[in-house]
**Q** 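The structure that follows is given in the form of structure tokens.
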Amino acid sequence: MSKIAPISGFPELLPAEQVAFNHALNIISSTYQSFGFIPLDTPAVERVDTLLAKGAEEKEIYGLRRIQAEDEGAKELALRFDLTVPLARYVAQHYGQLNFPFRRYHIGPVWRGERPQKGRYRQFYQADIDVIGDGTLDLYHDAELPAIIYQIFTKLELGKFTIRLNNRKVLQGFMAQQGVEGTENIAAAMRVIDDLEKMPREKVLAQLSTLMSADNADHTLNFFAQSHDNQAWLTELEKIAENDVFKQGVAELQAVVGALYTLGVPDDAFKVDPAIARGLGYYTGTIYETVLHDYPELGSVCSGGRYDNLAEKFTNKPLPGVGISIGISRLLLPLLEADKVPLHGATMAKVLVTVQEREALPAYFELATILREAGIATEMFLEPKKLPKQLKYADKKGFQYIIFANADELAAGNVQLKNLHTGEQQEIAKADLVESLK
RNA sequence: GCGGGCGUAGCUCAGUGGUAGAGCAUCAGGUUGUGGCUCUGAGGGUCGGGGGUUCAAUUCCCCUCGUCCGCCCCA
């Protein structure tokens with residue numbers, strides 16, 4: 001019984017679910033491509049020191065070693081835990097051969113040795129998209145990425161969603177004005193604000209009070225607890241910004257919002273939200289989080305931001321970038337499990353060609369070939385089973401059409417084409433088959 | 001790393017100190033040119049593993065492994 005069991009944190013899907021999952025992957029990759037991003041696929045494995053350059057915790061990385069290796073010195077290679085570090089390494093390594101701004105997307109699994117639970121896995125898929133500049137990178141890119149994300153989530157049809165938008169300089173500048181000093185303390189204060197929604201008021205105040213005066217803590221809490229629409233937030237921030245960092249952050253945020261409108265993103269699809277901070281330390285400007293209205297328990301399913309210097313650990317070249325990552329596994333796996341994602345069959349083919357006359361197999365093969373050459377995915381039923389069995393197979397797997405023909409029909413150059421969704425059936429000439437299936 | 005729940009058929013689960021059941025799924029047939037519906041029948045279990053108590057353990061106890069959920073952190 002326990003001979004075969006699921007491996008905790010390494011999810012796998014049933015055929016119909018996998019088809020739905022890949023459908024979503026296709027939406028994502030085709031939308032990325034429509035904006036001119038090239039697909040990149042770096043190895044699953046990186047050198048350990050490359051992975052640790054970003055300051056990842058060693059314990060969460062899966063090392064690689066041969067089972068038969070004699071020594072324990074297997075610390076050289078490890079599985080990637082995200083797609084950003086490999087990108088940094090890649091850009092630094094191939095700097096001379098790349099064109100900048102370098103635009104790539106990368107969809108693939110990453111591995112983390114954490115305790116699995118709902119929406120949290122040891123192997124999970126991410127769909128990253130980044131633009132890397134050579135020395136400089138225009139702020140318009142900060143708006144193009146969420147515009148792409150807007151299109152993707154619209155096409156995914158998972159209900160209403162909001163792309164939350166902020167700029168780290170706003171938070172930094174604000175905290176500095178409250179008397180918080182040093183990057184460590186400012187980062188700590190930002191984290192507290194990031195948790196504002198989840199924590200009780202007293203706890204927030206207590207934590208802020210360790211970083212600033214009680215009056216300022218009170219003021220900070222009240223400021224970030226405000227509720228405004230996009231324009232009102234921008235006005236509010238502009239009004240109180242005093243130091244240069246704060247002012248620059250507000251200016252950048254205003255520019256990004258303006259560009260989003262230009263790119264056709266409607267006002268209700270995004271929300272200026274000064275309270276989001278993002279956990280990762282390397283973001284320096286614009287930051288994003290995306291939440292689904294119908295599934296807030298999933299948390300942020302798509303996050304990212306601007307970083308001043310992507311590959312500083314690998315090269316002296318200053319390479320600013322901006323990127324977003326869709327957490328595909330976190331997004332889709334819980335929804336698939338809860339039957340919230342519509343399934344459309346367990347086949348990639350549209351048509352099943354049944355076989356009634358075994359001795360006429362070449363004629364059936366020819367039918368399948370005609371359809372495939374016309375770009376219609378077609379499967380043939382090759383087992384020697386009776387027609388009802390073949391129909392049942394087609395029904396269960398969710399084929400839209402089946403074709404069948406007896407010896408007489410084959411001789412006359414005709415076939416029966418049946419739509420399994422509607423039950424309609426017609427006898428048509430072989431030559432008209434492709435046309436009626438388009 | 002810490003805390004809690006659960007391991008019985010392929011799946012979802014009942015059950016009992018005297019070596020097991022349902023539904024779904026699978027297979028065959030009713031139906032030799034038509035799927036979904038229905039009827040009949042069949043196959044499939046060392047009751048997660050190890051130890052203990054007992055005449056007897058799937059059931060009670062201990063350990064262990066696995067898995068799920070929460071905390072931390074994140075996608």
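Every value quoted in this text rests on a predicted model; they were computed, and no experiment measured them.
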**Q** Using heavy atoms to find the nearest nucleotide of RNA chain B for K389(A) and D395(A) separately, return the residue whose nucleotide is more 5′.
**A**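 Its nucleotide being nearer the 5' end, the pick is K389(A).
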**Q** Measure from the side chain of K386(A), starting at C-beta and using heavy atoms only, and say which of rG29(B), rU67(B), rC71(B) lies closest.
**A**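 Selected nucleotide: rG29(B).
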**Q** Rounded to whole angstrom units, what separation is found between the CD atom of Q426(A) and the C1' atom of rU34(B)?
**A**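 My rounded result for the distance is 16 Å.
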**Q** Indicate, with yes or no, if the rings of F224(A) and W233(A) have centres closer together than 6.0 Å.
**A**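 No, too far apart.
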**Q** Would you indicate which nucleotide in rA28(B), rU34(B), rC68(B) comes nearest to any side-chain atom of L387(A)?
**A**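 Closest of the options to the side chain of L387(A): rU34(B).
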**Q** Which nucleotide sits closest to the side chain of S300(A): rU34(B), rA75(B), rU67(B)?
**A**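 Per side-chain heavy atoms of S300(A), the pick is rA75(B).
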**Q** What distance, rounded to whole Å, do you find between the two C1' atoms, one in rG23(B) and one in rU19(B)?
**A**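 rG23(B) and rU19(B) have their C1' atoms separated by 24 Å.
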**Q** Using both pair distances under 3.5 Å as the test, note the stems of at least 3 consecutive Watson-Crick or G-U pairs that include RNA chain B.
**A**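 RNA chain B forms these stems: B:1-7 with B:65-71, B:10-13 with B:21-24, B:26-30 with B:38-42, B:48-52 with B:60-64.
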**Q** Using a 4.0 Å heavy-atom cut-off across all strands, classify T354(A) as base, sugar-phosphate, or nothing.
**A**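 Nothing, no nucleic acid heavy atom in range.
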**Q** Which one, rA75(B), rG35(B), rA28(B), comes nearest to the side chain of K418(A)?
**A**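 Closest nucleotide among those given: rG35(B).
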**Q** On the 0 to 90° scale, with breaks at 30° and 60°, tag the F174(A)-F246(A) ring pair as parallel, tilted or perpendicular.
**A**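 The rings of F174(A) and F246(A) stand perpendicular, inter-plane angle above 60°.
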**Q** Taking N or O atoms only and anything under 3.5 Å, show me the protein contacts with nucleotides 2-6 of chain B, one pair per line.
**A**
residue: rC2(B); atom: N4; partner: R115(A); partner atom: NE; Å: 3.3

**Q** Knowing that exactly one of D142(A), D138(A), D130(A) qualifies, which makes a salt bridge (charged side-chain N to carboxylate O under 4.0 Å, His left out) with R306(A)?
**A**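 Among D142(A), D138(A), D130(A), the one meeting salt bridge (charged side-chain N to carboxylate O under 4.0 Å, His left out) with R306(A) is D142(A).
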**Q** Is it the case that Y364(A) and E357(A) place a side-chain donor and acceptor less than 3.5 Å from each other?
**A**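 Result is no, nothing qualifies.
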**Q** Return the nearest nucleotide to the side chain of L391(A); candidates are rC73(B), rG70(B), rG35(B).
**A**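 Selected nucleotide (nearest to the side chain): rG35(B).
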**Q** Report which part of the nucleic acid G423(A) touches: base, sugar-phosphate, or nothing (heavy-atom distance under 4.0 Å, all strands).
**A**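 Base, at least one base heavy atom under 4.0 Å.
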**Q** Less than 3.5 Å apart, any donor N or O on the side chain of Q93(A) or R89(A) sitting next to an acceptor on the other?
**A**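 There is such a pair between these side chains.
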**Q** At 4.0 Å (heavy atoms only), tell me whether L332(A) reaches a base, stays on the sugar-phosphate, or touches nothing.
**A**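 Nothing, no nucleic acid heavy atom in range.
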**Q** Return whichever of I326(A) or Q356(A) has its heavy-atom-nearest nucleotide of RNA chain B closer to the 5' end.
**A**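 Nearest-nucleotide comparison on RNA chain B picks Q356(A).
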**Q** Which part of the nucleic acid, if any, lies within reach of S325(A) when heavy atoms closer than 4.0 Å are counted: base, sugar-phosphate only, or nothing?
**A**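 Here S325(A) touches no strand at all.
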**Q** Using a heavy-atom cut-off of 4.0 Å across all strands, would you classify Y121(A) as base, sugar-phosphate, or nothing?
**A**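 Base: the residue Y121(A), judged by heavy atoms under 4.0 Å, touches a nucleobase.
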**Q** Taking atom types as modelled and ignoring hydrogens, do the side chains of N166(A) and Y283(A) form a donor-acceptor contact shorter than 3.5 angstrom?
**A**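 Their side chains do not contain a donor-acceptor pair, so the 3.5 Å distance test is not met.
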**Q** Just checking Q425(A): base, sugar-phosphate only, or nothing, at a heavy-atom cut-off of under 4.0 Å?
**A**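 Result for Q425(A) = base.
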**Q** Need one value for E337(A): base, sugar-phosphate or nothing, where a base atom within 4.0 Å counts as base even if backbone is also close, heavy atoms only.
**A**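 Nothing, no nucleic acid heavy atom in range.
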**Q** Round to a whole Å and report the spacing from CD of E12(A) to P of rG10(B).
**A**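 For the pair E12(A) CD and rG10(B) P, the rounded distance is 16 Å.
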**Q** Which nucleotide in the set rU67(B), rC74(B), rG35(B) lies at the smallest distance from any side-chain heavy atom of R112(A)?
**A**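 Of rU67(B), rC74(B), rG35(B), rC74(B) is nearest to the side chain of R112(A).
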**Q** Please assess V19(A) against L343(A) for the test side chain to side chain contact (heavy atoms under 4.5 Å, CB included), listing each intermediate value before the final yes or no.
**A** CA-CA 8 Å; V19(A) 169; L343(A) 301 179; over 6 Å; no
